[in-house]
Engineer: 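Mind having a look at this structure? Questions to follow.
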Amino acid sequence: MIGTPVYLETFGCQMNELDSELVRGQLTRVGYRMVEQPEDAQVILFNTCSVREHAESKAYSRIGLIGMRKAAGEKLLLGVIGCMAERDGVDMLRRFPQVDVMCGPGELDRLPALLDAARRSEAASQAERVALAGNRTRRSAVLSAVQDDLETLDLSRAFDPAIAGRLRHTAQVRITRGCNKFCTYCVVPNTRGAEVHRPPDSVVDECRQLADAGAIEVTLLGQTVNHYRYEHGAAITVQGREAPQVGPGLAAFRKAIPAGSRVTTFARLLQRIHDEVPAIQRLRFVTSYPRDFGRDVLEVMRDCPRICRYLHAPAQSGSDRILGFMNRGYTRGQYEAFVASVFEILPDATLAGDMIVGFPGETDADFEATCDLVRSLPFKNNFIFKYSPRPGTTAITRFPDDVPEEVKRWRNNQLLAVQTQTSERVHAAWVGRTVPVLIEEVFAEMPAPPHQASRVELKWNNRLATPTRRAMRGHTPGDLIVALDAPPNMQAESMIGRVVQVRLESASALLLNGKCIQTGAETVQTAD
Ligand code: SAH
Ligand code: SF4
Ligand code: F3S
């Protein structure tokens, strides 16, 4: 297997991005070689997402292409990993015989063994080539959590800022796997299983390892990240270390922690990482579930300067009726009260979220309520999705998908337009302030092509054109995207991964423009 080239493509959320990073590390360690182009690979892996039909169709079409290459005689091994593998189950093997290996997101530690079996023999049994949790994750979550080999996978990661394309010095750390919420539209509780919290010592150790390897921004990941809660003394320990632990019921978040019990809350975990790993300049977390967002978390954010005052807390809808159908567990009023407490304690916080349009039964009035929420609250951005009925969810069986596609599309565009106005307003309020920006990339703005130029002319023109602007892009602790000119006499590429001070000068809906006034220790001379 030494040197066998592997191509890995990732669909879906940050959780999947992180899984792909772990898979890359794991496969490299056992001798595979990762390649950038599918044409160069002998093993093709798709790390898939099931959250909307569109995400699945993209993956199916890639699977189809690989099928054609295999039919044409190429010797390839195709693995489908991630949420779609878990959701489709072994039925995928029947429908797509070109798939050799399937591995769910809860079984990724077994991937090298599956690939090995499939490579050794075409006759490898299904059991040797397929690792899915099935219903097991929910039925015996306690056991599977305690014997959690995924924990080893998380902890054994190799983070190398130089070779892993990690010049940005950003990293992600999972604190919770799975989800217990069961929003009626969502597949994630089925694909990722029950909520399991990692022991705080493991999380802090991992943050420390990442900081030692050069990470300056760490994002903690969880589907409902603020539900993190670890009860010490309750879980079985493995070789003296605490083990991952199945999350408590939601009721646990609605009452005070009993005196005498030793619990690491989300607020306490944030505080520990902040205090114990000071090399992390920016500590962030996604995704927050608006209900049960304790004041303790907001107060820790206020008191710890290196915790970013950024909240990604999806509202999903502005209509109480739809929020009820969605089983989100809060009303619009409760969401608004949550946002009010955020800005009371953290006046310079930034807020982002997700919205779904066209949920079954959504009337014009319900949709207008969503638009109104986006108009009235300071969302810096919202990801807007058209409702997509997903097999296995409550919504698909309980509510007919009765909002026509063109209405969904129209509402999507309308809400985007409302969000654009809100983003412009939120961004404009930052103009005039000086903010730290973590530089992520350098880009060149080319002159506008002449009107009516042919494709060939365009290509030719572009070759000859000199960029009108060489600029850098980065983000603030509040995740505001900032563009700035590369300082004169400085190698812009060398700025990637550095934090510079930027005075914000103008704003649009998408980003802020600013001038670099300080790069690290030095001050950049500016004309004014
Ligand atoms: N755990 C996170 C979100 C995970 S999925 C949370 O609860 O906020 C990311 C986003 O996809 C969701 O916030 C939701 O807006 C969207 N989404 C999930 N299922 C969907 C579906 N069936 N149709 C359309 N959008 C969906
Ligand atoms: Fe899905 Fe809801 Fe869980 Fe988010 S909180 S992952 S939307 S079930
Ligand atoms: Fe998709 Fe699974 Fe993430 S369904 S959004 S990849 S948790």
Side-chain angles (χ1 to χ4, degrees), residues 9-20 46-56 58-59 80-88 104-106 108 133 137-138 172 174 176-195 221-228 247 250 253 285-293 311-318 322-323 325-330 335 351-360 362 370 379 381-399 401 403 405 408-409 411-412 415:
E9 185 168 341
T10 310
F11 303 84
C13 64
Q14 290 197 49
M15 209 58 97
N16 255 18
E17 302 272 350
L18 174 57
D19 282 342
S20 285
F46 295 133
N47 191 6
T48 54
C49 171
S50 278
V51 81
R52 283 169 292 278
E53 193 182 352
H54 181 64
E56 290 199 342
K58 271 203 293 195
V80 176
I81 63 177
C83 290
M84 222 170 115
E86 193 59 59
R87 199 192 68 67
D88 264 22
L108 288 175
T137 358
R138 260 186 202 284
Q172 293 154 339
R174 192 186 331 262
T176 298
R177 306 192 184 96
C179 181
N180 281 356
K181 267 294 302 154
F182 287 101
C183 302
T184 53
Y185 51 81
C186 184
V187 289
V188 175
N190 302 336
T191 61
R192 296 260 166 183
E195 196 176 79
L221 298 185
Q223 295 296 349
T224 53
V225 73
N226 52 313
H227 268 177
Y228 180 85
L250 294 182
F253 297 89
F285 51 88
V286 289
T287 299
S288 296
Y289 170 61
R291 177 89 198 252
D292 315 320
F293 199 102
L311 288 177
H312 186 103
Q316 310 294 5
S317 170
I322 299 296
L323 286 170
F325 294 156
M326 289 177 165
N327 187 31
R328 283 294 286 183
Y330 52 83
Y335 186 85
L351 174 70
D354 303 342
M355 290 288 184
I356 296 178
V357 296
F359 190 84
E362 186 185 72
T370 299
F379 287 111
N381 71 289
N382 259 299
F383 296 105
I384 299 166
F385 304 108
K386 289 181 290 175
Y387 169 70
S388 167
R390 305 309 297 133
T393 60
T394 309
I396 200 170
T397 45
R398 194 178 295 168
F399 311 114
D401 180 21
V403 178
E405 179 56 30
K408 284 184 189 166
R409 203 173 318 126
R411 288 182 184 168
N412 188 84
L415 191 56

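Counting starts at 1 for both ligands and their atoms, following the listed order. These figures come from a predicted structure and were not determined experimentally.
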Engineer: Which is it for Arg328 and ligand 1 at heavy atoms under 4.0 Å: side chain, backbone, both or neither?
Structural biologist: side chain

Engineer: Go through the side-chain N and O atoms of Gln172 and Gln14 and say whether any donor and acceptor fall under 3.5 Å apart.
Structural biologist: yes

Engineer: How many angstroms lie between CZ in Arg390 and CZ in Arg87, if you round to the nearest 0.5 Å?
Structural biologist: 5.0 Å

Engineer: Do me a favour and list the nearest non-hydrogen protein atom to atom 7 (S) of ligand 3 with residue, atom name and distance?
Structural biologist: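 Result for atom 7 (S) of ligand 3: Arg192 NE, 3.3 Å.
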
Engineer: Considering heavy atoms of the protein only, find what lies nearest to atom 3 (Fe) of ligand 2 and give residue, atom and distance to 0.1 Å.
Structural biologist: Cys179 SG, 2.3 Å

Engineer: Could you establish whether Arg192 and ligand 2 come within less than 4.0 Å of each other, counting only heavy atoms on the residue side?
Structural biologist: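 The answer is no: ligand 2 sits nowhere under 4.0 Å from a heavy atom of Arg192.
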
Engineer: Can you list the atoms of ligand 1 that are under 4.0 Å from a heavy atom of Asp354?
Structural biologist: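 Taking each heavy atom of Asp354 in turn, ligand 1 has 9 (C), 10 (C), 12 (C), 13 (O), 15 (O) under 4.0 Å.
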
Engineer: Is the contact between Tyr185 and ligand 1 made by the side chain, the backbone, both, or neither, using heavy atoms and a 4.0 Å cut-off?
Structural biologist: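 For Tyr185, the contact with ligand 1 is made by both the backbone and the side chain.
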
Engineer: List every atom of ligand 2 that sits less than 4.0 Å from any heavy atom of Phe182, numbering the atoms from 1 in the order shown and giving each element.
Structural biologist: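 So the atoms of ligand 2 that pass are 8 (S).
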
Engineer: Take Thr287 and Thr224, measure what side-chain contact (heavy atoms from CB on, under 4.5 Å) needs, and give me the verdict at the end.
Structural biologist: CA-CA 6 Å; Thr287 299; Thr224 53; over 6 Å; no

Engineer: How about His54 and Phe11: do any of their side-chain heavy atoms sit closer than 4.5 Å?
Structural biologist: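 They are not in contact (no side-chain heavy atoms under 4.5 Å apart), so the answer is no.
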
Engineer: Any idea which protein heavy atom is nearest atom 2 (Fe) of ligand 3, and the distance to it?
Structural biologist: Cys83 SG, 2.2 Å

Engineer: Taking Phe385's backbone N and O only, do any of them form a donor-acceptor pair with Asp354's side chain (distance below 3.5 Å, no angle check)?
Structural biologist: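 Between the backbone of Phe385 and the side chain of Asp354 there is no qualifying donor-acceptor contact (under 3.5 Å).
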
Engineer: What atoms of ligand 2 come within less than 4.0 Å of a heavy atom belonging to Val188?
Structural biologist: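 Listed by number with element: 6 (S).
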
Engineer: Number the atoms of ligand 1 from 1 as they appear, then name those within less than 4.0 Å of a heavy atom of Pro314, with their elements.
Structural biologist: 8 (O)

Engineer: Number the atoms of ligand 1 from 1 as they appear, then name those within less than 4.0 Å of a heavy atom of Tyr387, with their elements.
Structural biologist: 23 (N), 24 (C)

Engineer: Give me the nearest non-hydrogen protein atom to atom 23 (N) of ligand 1 as residue plus atom name, then the distance to 0.1 Å.
Structural biologist: Ser388 N, 3.0 Å

Engineer: For the pair Asp401 and Lys408, find out whether any cationic side-chain nitrogen is under 4.0 Å from an anionic carboxylate oxygen.
Structural biologist: yes

Engineer: Say whether Thr224, considering both its backbone and side-chain N or O atoms, lies within less than 3.5 Å of an N or O atom on ligand 1.
Structural biologist: no

Engineer: Which bit of Lys386 is near ligand 1, meaning a heavy atom under 4.0 Å away: side chain, backbone, both or neither?
Structural biologist: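 Contact part for Lys386 vs ligand 1: backbone (N, CA, C, O).
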
Engineer: CD of Glu405 to CG of Asn412: how many Å apart, nearest 0.5 Å?
Structural biologist: 9.5 Å

Engineer: Please could you name the atoms of ligand 2 that Pro189 approaches to less than 4.0 Å, counting only its heavy atoms?
Structural biologist: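 Numbered from 1, ligand 2 contributes 8 (S).
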
Engineer: For ligand 1, does Arg390 get within less than 4.0 Å through its side chain, its backbone, both, or neither, judged by non-hydrogen atoms?
Structural biologist: side chain

Engineer: Judged by non-hydrogen atoms, does Tyr289 sit under 4.0 Å from ligand 2?
Structural biologist: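 Per 4.0 Å heavy-atom rule, Tyr289 does not contact ligand 2.
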
Engineer: Should you measure from each heavy atom of Cys183, which atoms of ligand 2 turn up under 4.0 Å away?
Structural biologist: 2 (Fe), 5 (S), 7 (S), 8 (S)

Engineer: Could you tell me which atoms of ligand 1, counted from 1 in the order shown, lie closer than 4.0 angstrom to a heavy atom of Gln316?
Structural biologist: 8 (O), 12 (C), 13 (O), 14 (C), 15 (O)

Engineer: Give the residue, atom name and distance (to 0.1 Å) of the protein heavy atom nearest atom 3 (C) of ligand 1.
Structural biologist: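 Closest protein heavy atom to atom 3 (C) of ligand 1: Gln223 OE1, 4.0 Å.
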
Engineer: Would you say the side chain of Leu221 lies within less than 4.5 Å of the side chain of Leu18, judging by non-hydrogen atoms?
Structural biologist: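 Yes, side chains in contact.
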
Engineer: Between Phe359 and Phe399, does the ring centroid distance fall short of 6.0 Å?
Structural biologist: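 That pair passes the under 6.0 Å test.
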
Engineer: What do you reckon, is CD of Glu9 surrounded by more than 12 foreign heavy atoms closer than 6.0 Å?
Structural biologist: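 Counting neighbours around CD of Glu9, more than 12 heavy atoms of other residues, nucleotides or ligands fall under 6.0 Å, so yes.
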
Engineer: Any chance you could measure Thr48, atom OG1, to Asp88, atom CG, to the nearest 0.5 Å?
Structural biologist: 8.0 Å

Engineer: May I ask you to identify the nearest protein heavy atom to atom 4 (Fe) of ligand 2, giving residue, atom name and distance to one decimal place in Å?
Structural biologist: Arg328 NH1, 4.3 Å

Engineer: Tell me, which protein residue and heavy-atom name are nearest atom 4 (S) of ligand 3, and how many Å apart are they?
Structural biologist: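 Closest protein heavy atom to atom 4 (S) of ligand 3: Ser50 N, 3.3 Å.
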
Engineer: Return yes if a side-chain donor-acceptor contact under 3.5 Å exists between Tyr387 and Glu362, otherwise no.
Structural biologist: no

Engineer: Would you say Gln14 touches ligand 3, if touching means a heavy atom closer than 4.0 Å?
Structural biologist: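 Heavy atoms of Gln14 never come under 4.0 Å of ligand 3.
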
Engineer: Please report whether ligand 1 has a polar contact with Ser288, defined as an N or O pair separated by less than 3.5 Å (distance criterion only).
Structural biologist: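 So ligand 1 has no N or O lying under 3.5 Å from an N or O of Ser288.
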
Engineer: Of the protein's non-hydrogen atoms, which lies at the shortest distance from atom 3 (Fe) of ligand 3, and what is that distance?
Structural biologist: Cys13 SG, 2.3 Å

Engineer: Quick one, Cys179 and His227 - any side-chain contact, counting heavy atoms below 4.5 Å?
Structural biologist: no

Engineer: Counting distance only, does the side-chain N/O of Asn381 pair as donor-acceptor with the main-chain N or O of Ala352 below 3.5 Å?
Structural biologist: no

Engineer: Would you indicate which of Thr10, Asn16, Val188, Asn47 comes nearest to atom 6 (S) of ligand 3 when only heavy atoms are counted?
Structural biologist: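 When every heavy atom of Thr10, Asn16, Val188, Asn47 is considered, Asn16 comes closest to atom 6 (S) of ligand 3.
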
Engineer: Among all protein heavy atoms, pick the one closest to atom 1 (Fe) of ligand 3 and tell me residue, atom and distance.
Structural biologist: Cys49 SG, 2.3 Å

Engineer: Please state which part of Val51 comes within less than 4.0 Å of ligand 1, counting heavy atoms only: side chain, backbone, both or neither.
Structural biologist: both

Engineer: Measure the distance from atom 1 (Fe) of ligand 2 to every protein heavy atom, then report the residue, atom name and distance (to 0.1 Å) of the closest one.
Structural biologist: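 Sorting protein heavy atoms by distance from atom 1 (Fe) of ligand 2 puts Cys186 SG, 2.3 Å first.
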
Engineer: With heavy atoms of Thr287 as the reference, note each atom of ligand 1 found under 4.0 Å away.
Structural biologist: 2 (C), 6 (C), 8 (O)

Engineer: Show me which atoms of ligand 2 lie under 4.0 Å from any heavy atom of Thr224.
Structural biologist: 5 (S)

Engineer: Among all protein non-hydrogen atoms, which one is nearest to atom 17 (N) of ligand 1, and what is the separation to 0.1 Å?
Structural biologist: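 For atom 17 (N) of ligand 1, the nearest protein heavy atom comes out as Arg52 NH1, 3.4 Å.
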
Engineer: How far is atom 7 (S) of ligand 2 from the closest protein heavy atom, and which atom is that?
Structural biologist: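 The closest one turns out to be Tyr185 OH, 3.4 Å.
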
